[in-house]
Enquirer: 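Would you mind keeping the following structure in view while I ask a few things?
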Amino acid sequence: MSDRGHILKLIDSAIDSGARLSSACAQLKISTRTIERWRKHPDSADRRKSAARKRTAANKLSKTERAQILAICNCGEFAAMAPNQIVPALADQGVYVASEASFYRVLRQEKQLAHRAKASPATHKRPSTIKATQPNRLWSWDITYLPSTIRGVYFYLYMVMDIYSRKIVGWEVYDTQCASHASLLIRKTCLKEQTIGTPLVLHSDNGSPMKGATMLVTLQKLGVVPSFSRPSVSNDNAYSEALFKTLKYHPCYPQVPFEGLDQARRWVLGFEHWYNEKHCHSGIKFVTPAQRHRREDIGILAHRNRVYAKAKKKNPQRWTGATRNWEPVQQVWLNPNKSSRKLNKAA
């Protein structure tokens with residue numbers, strides 16, 4: 001006998017013994033209207049607030065889907081990637097399994113959400129806000145240390161990146177820091193990217209190689225406008241700083257110092273190829289810098305939009321609103337102020 005049937009039987013027994021319906025219901029902590037409804041509609045649902053209900057979300061992942069997510073995240077191709085890298089890569093292959101949030105949730109529940117695989121400056125004027133809407137209009141460059149086998153001696157990686165596309169457009173490794181090395185690198189990079197005669201801003205920090213006379217004369221001859229960070233403010237050159245962090249946190253970054261310039265250059269050459277051609281960058285909707293530099297990101301992101309639209313049409317209950325925004329990033333700001341940040345979000 002069901003709980004409802006047992007309650008009705010107890011109520012009827014109490015009434016037959018002379019009890020009033022309201023008194024019997026009070027003892028069982030149930031309303032008289034509920035008893036009347038149960039008698040009138042024996043098969044109706046229990047609408048009491050205290051009644052236990054089985055709630056199953058319409059968009060809940062099945063056991064098969066969860067197993068598929070774990071299998072994808074742990075396969076050789078994706079084992080070293082986070083979900084925000086895996087989901088776009090699957091979309092490029094025409095595959096949709098679940099949202100990025102679902103991937104994170106499943107990995108978190110399985111305790112697999114961790115690293116996958118391997119002060120007050122003086123007051124200075126804030127650098128001008130600069131906007132880039134296409135490649136080769138705004139570059140950033142900087143120098144970082146690479147360790148050598150001799151304690152206290154370093155190699156110096158000079159690296160130039162395009163802020164719009166995030167592509168490494170030029171680099172070199174030297175054993176010293178000086179403006180003449182930087183000048184040569186910028187000349188070679190401008191020739192390779194064919195920027196001579198086009199408007200170009202080159203942003204850097206305030207180091208002596210950046211502001212040396214040889215460097216400044218070279219920029220003037222090439223028609224390149226220099227832009228400088230405030231002293232000791234790394235955020236003013238955030239793009240190059242982020243690039244160097246990506247370089248030194250790369251799983252293949254050597255655990256032992258470089259033995260010579262040739263070894264350091266070979267390793268950076270391999271990193272450049274991976275970063276430009278393989279690395280899906282989060283700041284440009286998870287396409288590679290080279291794809292964005294060649295303007296191929298427009299077609300790639302349009303394809304992802306079609307994949308998501310098809311997935312939503314097939315299983316609409318998974319979405320409560322629009323699908324993920326795969327529209328290309330139209331503009332990139334260097335040292336944005338409040339108004340440019342709002343414009344960037346709106347874009």
Side-chain angles (χ1 to χ4, degrees), residues 81-94 96 99-101 103-104 127-142 159-170 193 195 198-203 225 227 229 234-247 272 274-309 311-312 319 321-347:
M81 297 169 64
N84 63 1
Q85 295 277 347
I86 296 172
V87 172
L90 291 175
D92 289 346
Q93 298 173 15
Y96 179 85
S99 68
E100 192 173 298
F103 271 70
Y104 275 106
S128 300
T129 297
I130 307 171
K131 179 176 70 171
T133 57
Q134 65 183 86
N136 292 333
R137 291 294 183 268
L138 178 58
W139 290 354
S140 171
W141 83 281
D142 204 349
M159 188 167 281
V160 186
M161 73 177 298
D162 184 286
I163 289 180
Y164 177 82
S165 66
R166 309 303 204 276
K167 181 186 177 184
I168 299 171
V169 291
E193 293 295 320
T195 63
T198 60
L200 173 62
V201 175
L202 178 65
H203 184 74
V225 178
S227 169
S229 303
S234 61
N235 287 347
D236 288 350
N237 198 16
Y239 292 97
S240 287
E241 295 291 342
L243 174 58
F244 287 149
K245 181 176 180 180
T246 300
L247 180 144
E272 178 203 20
W274 170 83
Y275 180 86
N276 284 344
E277 302 291 346
K278 303 293 184 182
H279 173 61
C280 292
H281 199 293
S282 61
I284 50 177
K285 297 295 180 76
F286 296 97
V287 297
T288 68
Q291 288 170 335
R292 182 162 168 85
H293 203 74
R294 296 189 294 260
R295 310 307 290 268
E296 296 171 0
D297 60 319
I298 298 172
I300 292 170
L301 296 175
H303 172 69
R304 292 182 188 173
N305 268 324
R306 291 192 294 271
V307 170
Y308 269 61
K312 182 177 180 179
W319 281 267
T323 58
R324 181 169 178 171
N325 179 12
W326 288 117
E327 294 301 318
V329 178
Q330 300 295 340
Q331 54 193 17
V332 180
W333 297 84
L334 176 67
N335 302 315
N337 52 32
K338 290 182 179 180
S339 59
S340 58
R341 285 193 187 99
K342 291 179 181 178
L343 289 172
N344 198 34
K345 288 181 180 179

Enquirer: Taking it one step at a time, do Ser140 and Leu334 satisfy side chain to side chain contact (heavy atoms under 4.5 Å, CB included)?
Expert: CA-CA 9 Å; Ser140 171; Leu334 176 67; 5.8 Å; no
Enquirer: Any non-hydrogen side-chain atom of Tyr239 less than 4.5 Å from a side-chain atom of Leu138?
Expert: no
Enquirer: Nearest 0.5 Å, please: how far is OG in Ser165 from CZ in Arg295?
Expert: 9.5 Å
Enquirer: Test Arg294 against Lys167 for side chain to side chain contact (heavy atoms under 4.5 Å, CB included), laying out the working first.
Expert: CA-CA 10 Å; Arg294 296 189 294 260; Lys167 181 186 177 184; 5.8 Å; no
Enquirer: What I'd like to find out is whether the side chain of Asp142 reaches to under 4.5 Å of the side chain of Asn237, using heavy atoms alone.
Expert: yes
Enquirer: Using side chain to side chain contact (heavy atoms under 4.5 Å, CB included), reason through Arg304 and Val287 one step at a time and then give a plain yes or no.
Expert: CA-CA 11 Å; Arg304 292 182 188 173; Val287 297; 4.1 Å; yes
Enquirer: To the closest 0.5 Å, what do you measure between CD (Glu277) and NE2 (His293)?
Expert: 11.0 Å
Enquirer: Determine all donor-acceptor pairs shorter than 3.5 Å in which one atom belongs to a side chain in residues 82-89; sequence neighbours excluded.
Expert:
unit_1 : atom_1 : unit_2 : atom_2 : d
Gln85  : NE2    : Cys280 : O      : 2.9

Enquirer: Do Arg292 and Tyr164 form a cation-pi contact, if we require the NZ or CZ to be under 6.0 Å from the six-membered ring centre and within 45 degrees of the ring's axis?
Expert: yes
Enquirer: Minimum heavy-atom separation for Trp319 to Tyr308, with atom names?
Expert: CZ2-CD2, 4.3 Å
Enquirer: Are the side chains of Lys285 and Ile300 in touch, meaning some heavy atoms are under 4.5 Å apart?
Expert: no
Enquirer: Between NZ of Lys245 and CG of Leu247, what distance do you get to the nearest 0.5 Å?
Expert: 13.0 Å
Enquirer: Please check this pair: side chain of Lys312 against backbone of Gly321, looking for a donor-acceptor N/O pair closer than 3.5 Å.
Expert: yes
Enquirer: Is there a donor-acceptor pair closer than 3.5 Å between any side-chain N or O of Asn276 and the backbone N or O of Ala290?
Expert: no
Enquirer: If I compare all heavy atoms of Asp297 with all of Pro328, which pair ends up nearest, and what's the gap?
Expert: OD2-CB, 4.0 Å
Enquirer: Is Arg166 close to Tyr275 at the side-chain level, that is, under 4.5 Å between some pair of heavy atoms?
Expert: yes
Enquirer: Check step by step if side chain to side chain contact (heavy atoms under 4.5 Å, CB included) holds for His203 and Ser229.
Expert: CA-CA 8 Å; His203 184 74; Ser229 303; 3.1 Å; yes
Enquirer: Testing the basics here: between Arg324 and Asn305, what is the closest heavy-atom pair and its distance to 0.1 Å?
Expert: O-OD1, 3.9 Å
Enquirer: Determine the minimum heavy-atom distance between Met159 and Phe244, stating which atoms define it.
Expert: CB-CE2, 3.9 Å
Enquirer: For the atom pair CD (Gln134) and CD (Gln330), what is the distance rounded to the nearest 0.5 Å?
Expert: 12.0 Å
Enquirer: Once rounded to the nearest 0.5 Å, what's the spacing between atom CZ of Arg137 and atom CG of Asp162?
Expert: 10.0 Å
Enquirer: State, yes or no, whether a side-chain contact exists between Glu327 and Leu301 at a heavy-atom distance under 4.5 Å.
Expert: no
Enquirer: What distance separates Asp92 CG from Gln291 CD, expressed to the nearest 0.5 Å?
Expert: 7.0 Å
